[in-house]
Peer 1: 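Dropping a structure here in structure tokens format, bear with me for questions.
Heavy-atom basis, side chains included; hydrogens, waters and symmetry copies ignored. Nothing fancy with the numbering, it's 1 onward along the sequence.
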Amino acid sequence: MPLILPIVAATAALLAPLAQSTADVGHDTPTTQSTVVSVGAASVSPALASGSTVHTNRPLVSGKASGATQIALVRGNELMGTGVVQSGGYWQLNLHGTLTTGVNHMELLAVTPAGKVTSPYVLTLAPASTGAVRTATVSTAASLGWANLLTKSVTGARPTVDGVATPGARLELRDSLGNVYGAAVADEEWDFRMQLTRDLKVGANQLVLTQALGTQSGYTPVQIVRAG
């Protein structure tokens with residue numbers, strides 16, 4: 001059985017209440033140290049280093065991200081997994097997608113108060129000839145993906161807001177009555193910019209960010225605070 005780095009085991013223990021079943025998960029010892037990616041006051045550090053070789057197509061991906069609130073792992077336009085940063089900055093991804101045999105070029109995305117932090121992340125899935133590929137049990141069903149606003153506070157009634165969402169998805173910002181405040185389409189870099197077409201009230205605006213792509217759809221509750 002491949003050895004598991006002590007740092008991965010420690011991180012998994014800290015996140016035990018959130019951990020998905022990992023009875024069948026295993027990976028090799030990374031040949032490089034975990035890379036810390038920083039933007040402003042935020043940093044993202046995966047416990048399983050980029051460049052590692054794994055023997056399961058759904059490995060445990062976790063780590064620490066100071067200053068971030070949400071984490072996602074993407075491969076091109078495909079959302080591989082998402083997670084919420086917990087107390088102390090610890091996070092663990094619930095994987096929806098699976099690695100393919102060979103080198104998988106991916107990115108870790110983190111939402112921070114300063115904006116989106118993007119970090120290249122590469123894992124190599126060993127072929128069956130050098131180790132049996134096992135599938136970990138995952139209870140979370142696959143979904144359209146990850147969407148959120150990066151803009152949390154504004155000064156005008158109809159500002160332009162930025163966010164992240166599945167590439168190609170159509171985004172709409174709505175209130176509880178279904179009134180549309182703006183619409184946009186996410187680009188290939190998981191970014192979107194939306195010009196609001198309906199006035200925000202002064203103070204906290206509780207809204208819903210919807211996204212649709214093909215036959216799939218999803219929503220995320222969001223809040224925008226307009227200064228008086």
Peer 1: Only pairs at least two apart or in different chains count here, so list each salt bridge (Lys or Arg N to Asp or Glu O under 4.0 Å) that has a residue in residues 173-182.
Peer 2: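 Non-adjacent pairs meeting salt bridge (Lys or Arg N to Asp or Glu O under 4.0 Å): Glu172-Arg174.
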Peer 1: Could you state the interatomic distance from CG (Asn57) to CG (Leu99), rounded to the nearest 0.5 Å?
Peer 2: 6.5 Å
Peer 1: Restricting to side-chain hydrogen bond (donor to acceptor under 3.5 Å, both in side chains), what partner residues turn up for Thr100, sequence neighbours left out?
Peer 2: Asn104
Peer 1: Minimum heavy-atom separation for Ala204 to Gln223, with atom names?
Peer 2: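 Looking at all heavy atoms of both residues, the shortest contact is CB-OE1, 3.8 Å.
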Peer 1: Should side-chain heavy atoms under 4.5 Å link Ile, Leu, Val, Met, Phe, Trp and Tyr, which residues sit in the same cluster as Tyr181?
Peer 2: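 Tyr181 clusters with Leu149, Val154, Val161, Leu171, Leu173, Phe192, Met194, Leu196, Leu200, Leu207, Leu209, Val222, Ile224.
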Peer 1: Locate the shortest heavy-atom distance separating Lys116 from Val164; write the atom from each residue and the value.
Peer 2: CD-CG1, 3.5 Å
Peer 1: Are Gln92 and Leu60 close enough that some pair of their side-chain heavy atoms sits under 4.5 Å apart?
Peer 2: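 The answer is yes; the side chains approach within 4.5 Å.
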Peer 1: So, for Leu123 and Ala49, which heavy atoms are closest and what is the spacing to 0.1 Å?
Peer 2: CD2-O, 4.0 Å
Peer 1: At their closest point, which heavy atom of Ala65 faces which heavy atom of Ile71, and how far apart are they?
Peer 2: CB-CD1, 3.9 Å
Peer 1: For Arg193, run the side-chain hydrogen bond (donor to acceptor under 3.5 Å, both in side chains) check against Asp187, Asp162, Thr151 and tell me which one passes.
Peer 2: Asp162
Peer 1: Please determine whether the number of non-hydrogen atoms from other residues, nucleotides or ligands lying under 6.0 Å from atom CD of Glu189 exceeds 12.
Peer 2: no
Peer 1: Report the hydrophobic cluster partners of Val103, with the cluster defined as I, L, V, M, F, W, Y residues connected by side-chain heavy atoms closer than 4.5 angstrom, directly or transitively.
Peer 2: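 Listed partners: Val122.
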Peer 1: Can you check whether Gly76's main-chain N or O pairs, donor with acceptor, with Trp190's side chain at less than 3.5 Å?
Peer 2: yes
Peer 1: Can you name the closest pair of heavy atoms from Ala110 and Val44 and give their distance?
Peer 2: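 Here Ala110 and Val44 meet closest at CB-CG2, 3.7 Å.
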Peer 1: Who passes salt bridge (charged side-chain N to carboxylate O under 4.0 Å, His left out) against Arg75, sequence neighbours left out?
Peer 2: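 Glu78.
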Peer 1: Any chain of hydrophobic side-chain contacts (each under 4.5 Å) joining Leu150 to Leu79?
Peer 2: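 Shared cluster, yes.
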Peer 1: Given side chains that start at C-beta, do those of Val61 and Trp91 come closer than 4.5 Å, heavy atoms only?
Peer 2: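 A side-chain contact exists here, since the closest heavy-atom pair is under 4.5 Å.
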Peer 1: Counting N and O atoms only, with roles assigned by atom type, does the side chain of Thr220 sit under 3.5 Å from a partner on the main chain of Ala147, one being a donor and the other an acceptor?
Peer 2: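 It does hold such a pair.
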Peer 1: Identify, with sequence neighbours excluded, every residue that meets salt bridge (charged side-chain N to carboxylate O under 4.0 Å, His left out) alongside Arg158.
Peer 2: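 Listed in chain order: Asp199.
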